[in-house]
Enquirer: 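I'd like to ask you about the structure that follows.
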Amino acid sequence: MKMDSRLILALDETDVPKALHVLDEVCGIIDAVKINWPLILSAGPEIITTLSQKADVICDFKIADIPNTDRLIIEQSVKRGASGVIVHAFTGTDSLKECVSAAGGRDVFVVTEMSHPGGQEFTAKHAEEFAAMAAECGASGLIAPATRPERIKKIKESAPGLLILSPGVGAQGGSASNAVLNGADYVIVGRSIYGSSDPKDAAQKLADEIKALRF
Ligand code: O7M
């Protein structure tokens, strides 16, 4: 994945023509597009291939299963054009190692502490362990919460070599600047871009905000 604007679009728009329009508007600005079940269930899995012709696609299936099932999901995602996948960590080392192996060099990003309030109930208690395990298993990066930027710093300390992708900017109350200043390499932004009346302008403003911090 390129590292230019450091902005990843979370395209959770379920109106498929609108989703395609949003991506066309912002694909010159973003570094990648992340897709999740809302768009896949609306558009069908072919959307992975369609979008991969316009941008790097990260399949956010938050995979969390036994190693064999994890492998089957990742193989199907890669076959359709995913350049990265997102997986949960709580399934343990064997599952995570299998995910990295199945991805065959594509990026595997591992969820640590989730950005919503409920993320503090369980995931926060194990986030540093998840991060260290992800590093040990050969993952490319971690998902850490822009809603609690001080936690990004802590999580990064547990796995210094891994990229940090940080969701929770905008609609969930987090700020792109605070996330990046606390160690995020990329921010993941959904509704503040695809829900905007001018997605291109919204994305450009975020990209400019991040660029102004450098470095
Ligand atoms: O900017 P939003 O709030 O509209 O969208 C945020 C996206 O990031 C959305 O696709 C969520 O599913 C995802 N996300 C979180 O919001 N919080 C998390 O802790 C983790 C993710 C995520 O991307 O996990 C990989």
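In this text the structure is predicted, and so the values were computed from the model without any measurement. Throughout, numbering of the chain's residues begins at 1 and tracks the sequence. Start at 1 and go down the list; that is how both ligands and their atoms are numbered.
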Enquirer: Does the Ser140 side chain pair with the main chain of Phe109, one donor and one acceptor, at a distance under 3.5 Å?
Expert: no
Enquirer: Which protein non-hydrogen atom lies closest to atom 1 (O) of ligand 1, naming both residue and atom, and how far is it?
Expert: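 Scanning the protein heavy atoms, the shortest distance from atom 1 (O) of ligand 1 goes to Gly190 N, 2.8 Å.
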Enquirer: Quick one: does any side-chain atom of Ser166 pair with a main-chain N or O of Val187 as donor and acceptor, under 3.5 Å?
Expert: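 Here the side-chain-to-backbone pair does not exist.
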Enquirer: Taking 4.0 Å as the limit for heavy-atom contacts, which would you say applies to Lys62 with ligand 1: side chain only, backbone only, both, or neither?
Expert: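 Side chain only.
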Enquirer: Can you confirm whether the side chains of Gln172 and Ser115 place a donor and an acceptor under 3.5 Å from each other?
Expert: yes
Enquirer: Under a 4.0 angstrom heavy-atom cut-off, which atoms of ligand 1 come close to Ile86?
Expert: 25 (C)
Enquirer: Which of the numbered atoms in ligand 1 are under 4.0 angstrom from any heavy atom belonging to Asp60?
Expert: 22 (C), 23 (O), 24 (O), 25 (C)
Enquirer: Going by the atom numbers of ligand 1, which of them fall below 4.0 Å from some non-hydrogen atom of Ser115?
Expert: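 Per the distance check, 15 (C), 16 (O), 17 (N), 18 (C), 19 (O).
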Enquirer: Among all protein heavy atoms, pick out the one at the shortest distance from atom 8 (O) of ligand 1; state its residue, atom name and that distance to 0.1 Å.
Expert: Pro167 CB, 3.4 Å
Enquirer: Can Ile8 be reached from Val26 by stepping across I, L, V, M, F, W or Y side chains whose heavy atoms are under 4.5 Å apart?
Expert: no
Enquirer: Is the shortest N/O to N/O distance between Val111 and ligand 1 below 3.5 Å?
Expert: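 Min N/O separation from ligand 1 is not below 3.5 Å for Val111.
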Enquirer: If you have a sec, work out which protein heavy atom is nearest atom 11 (C) of ligand 1 and how many Å separate them, to one decimal?
Expert: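 Its nearest protein heavy-atom neighbour is Lys34 NZ, 4.1 Å.
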Enquirer: Apply side-chain contact (heavy atoms from CB on, under 4.5 Å) to Arg71 and Ser101, showing your working.
Expert: CA-CA 8 Å; Arg71 166 173 290 281; Ser101 159; 2.7 Å; yes
Enquirer: Taking all atoms of both residues into account, what is the closest heavy-atom pair of Val169 and Ala146, and its distance?
Expert: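 So the minimum-distance heavy-atom pair works out to CG2-CB, 3.7 Å.
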Enquirer: Using only heavy-atom distances, determine whether the side chains of Ser177 and Glu209 contain a donor-acceptor pair under 3.5 Å.
Expert: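 Yes, because at least one side-chain N or O of Ser177 sits under 3.5 Å from a partner of the opposite role on Glu209.
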Enquirer: So which protein heavy atom does atom 16 (O) of ligand 1 come closest to, and at what separation?
Expert: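 Going atom by atom, the protein heavy atom closest to atom 16 (O) of ligand 1 ends up being Gln172 NE2, 2.8 Å.
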Enquirer: Minimum heavy-atom separation for Glu129 and Lys125, please, with both atom names.
Expert: OE2-O, 4.0 Å
Enquirer: For ligand 1, which atoms sit closer than 4.0 Å to a heavy atom of Arg191?
Expert: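 Close to Arg191: 1 (O), 2 (P), 3 (O), 4 (O).
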Enquirer: Inspect the surroundings of NZ in Lys79 and state if more than 12 heavy atoms from other residues, nucleotides or ligands are less than 6.0 Å away.
Expert: no
Enquirer: When you measure from atom 12 (O) of ligand 1 to every protein heavy atom, which one gives the shortest distance, and what is it?
Expert: Asn36 ND2, 3.3 Å
Enquirer: Can you list the atoms of ligand 1 that are under 4.0 Å from a heavy atom of Asp12?
Expert: 9 (C), 10 (O)
Enquirer: With heavy-atom distances below 4.0 Å as the criterion, list the atoms of ligand 1 near Ala10.
Expert: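 What qualifies from ligand 1 is 7 (C), 10 (O).
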